[in-house]
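All values below were derived from every heavy atom in this structure, side-chain atoms included, with hydrogens, water molecules and symmetry-related copies excluded.
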Amino acid sequence: MTATNQTQLTIDLDREIKRRLIEAAARQGVGVDALCEKAIERELSEESQIDENRRSDALQVFEELIRQRDEQFKDRTFSMTGVDLIREGRAIRTNQQRGWLWRER
């Protein structure tokens, strides 16, 4: 029953769910294993479709951000990194504070 590329999965079910599974499998003319495998595949397929939609939405948002950035800054380039800008801002602030202290003395 178990092929080399398959793994057996065992789950505990309450009696009512087990009965419903057996009836559904009989109506479809398949075994309970086949019915469960089909349901799992369908669920995973739907889940991956949802994930793909999320990725697609995120990609659209990202592309829009890039478009807005390109529109706003055009061909302008920046010579400093964010770290350089923060360091420069801190140095300016330090000089301001030193100036305030120097005036108070």
Side-chain angles (χ1 to χ4, degrees):
M1 177 177 168
T2 302
T4 58
N5 65 346
Q6 292 183 334
T7 301
Q8 186 170 358
L9 175 68
T10 303
I11 60 172
D12 295 322
L13 299 174
D14 101 356
R15 289 180 186 186
E16 179 60 20
I17 292 174
K18 182 180 178 182
R19 182 190 63 76
R20 290 172 53 201
L21 270 174
I22 293 169
E23 288 176 4
R27 278 193 306 272
Q28 294 184 24
V30 296
V32 173
D33 290 350
L35 178 71
C36 291
E37 188 173 337
K38 183 177 171 184
I40 291 168
E41 287 175 357
R42 183 177 56 245
E43 180 65 27
L44 293 175
S45 173
E46 290 172 3
E47 183 178 303
S48 56
Q49 182 61 40
I50 290 170
D51 288 345
E52 184 62 35
N53 290 343
R54 284 186 192 139
R55 265 189 298 250
S56 177
D57 292 345
L59 183 59
Q60 288 176 359
V61 168
F62 187 67
E63 288 172 345
E64 177 62 19
L65 287 171
I66 291 171
R67 187 195 64 73
Q68 287 178 5
R69 181 201 62 193
D70 291 346
E71 181 181 303
Q72 184 174 9
F73 295 113
K74 298 188 181 13
D75 295 331
R76 196 166 132 196
T77 57
F78 300 96
S79 60
M80 300 172 71
T81 66
V83 173
D84 294 331
L85 293 170
I86 291 170
R87 286 182 180 143
E88 181 182 325
R90 285 181 177 163
I92 291 169
R93 183 72 175 154
T94 299
N95 287 335
Q96 287 174 340
Q97 290 172 338
R98 284 183 183 145
W100 296 332
L101 290 174
W102 192 255
R103 276 184 255 145
E104 291 177 3
R105 290 183 179 185

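We find the CD1-NZ distance between Ile11 and Lys18 to be 11.0 Å, quoted to the nearest 0.5 Å.
Between Asp14 and Ile17 the shortest heavy-atom distance is OD1-N, 3.0 Å. Taking both residues in full, the closest heavy atoms of Leu21 and Leu35 are given as O-CD2, 3.6 Å, listed atom of the first, atom of the second, then distance.
Put simply, Leu9 and Leu44 are part of two different groups of oily side chains (I, L, V, M, F, W, Y) that touch within less than 4.5 Å, one to the next. Phe73 and Phe62 are not part of a single hydrophobic cluster, where members link through side-chain heavy atoms under 4.5 Å apart.
Among pairs with a residue in residues 19-28, those fulfilling salt bridge (charged side-chain N to carboxylate O under 4.0 Å, His left out) read Glu16-Arg19, Arg19-Glu23, at least two apart in sequence or across chains.
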* To do: Under the side chain to side chain donor-acceptor pair (under 3.5 Å) rule, what do Glu64 and Gln68 come out as? Steps first, then yes or no, please.
  => CA-CA 6 Å; Glu64 177 62 19; Gln68 287 178 5; 3.0 Å; yes

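For the pair Arg67 and Glu63, the salt-bridge criterion is not met [side-chain N within less than 4.0 Å of a carboxylate O].
Considering only residues two or more places apart in sequence or on other chains, Glu41 meets the side chain to side chain donor-acceptor pair (under 3.5 Å) condition with none of them.
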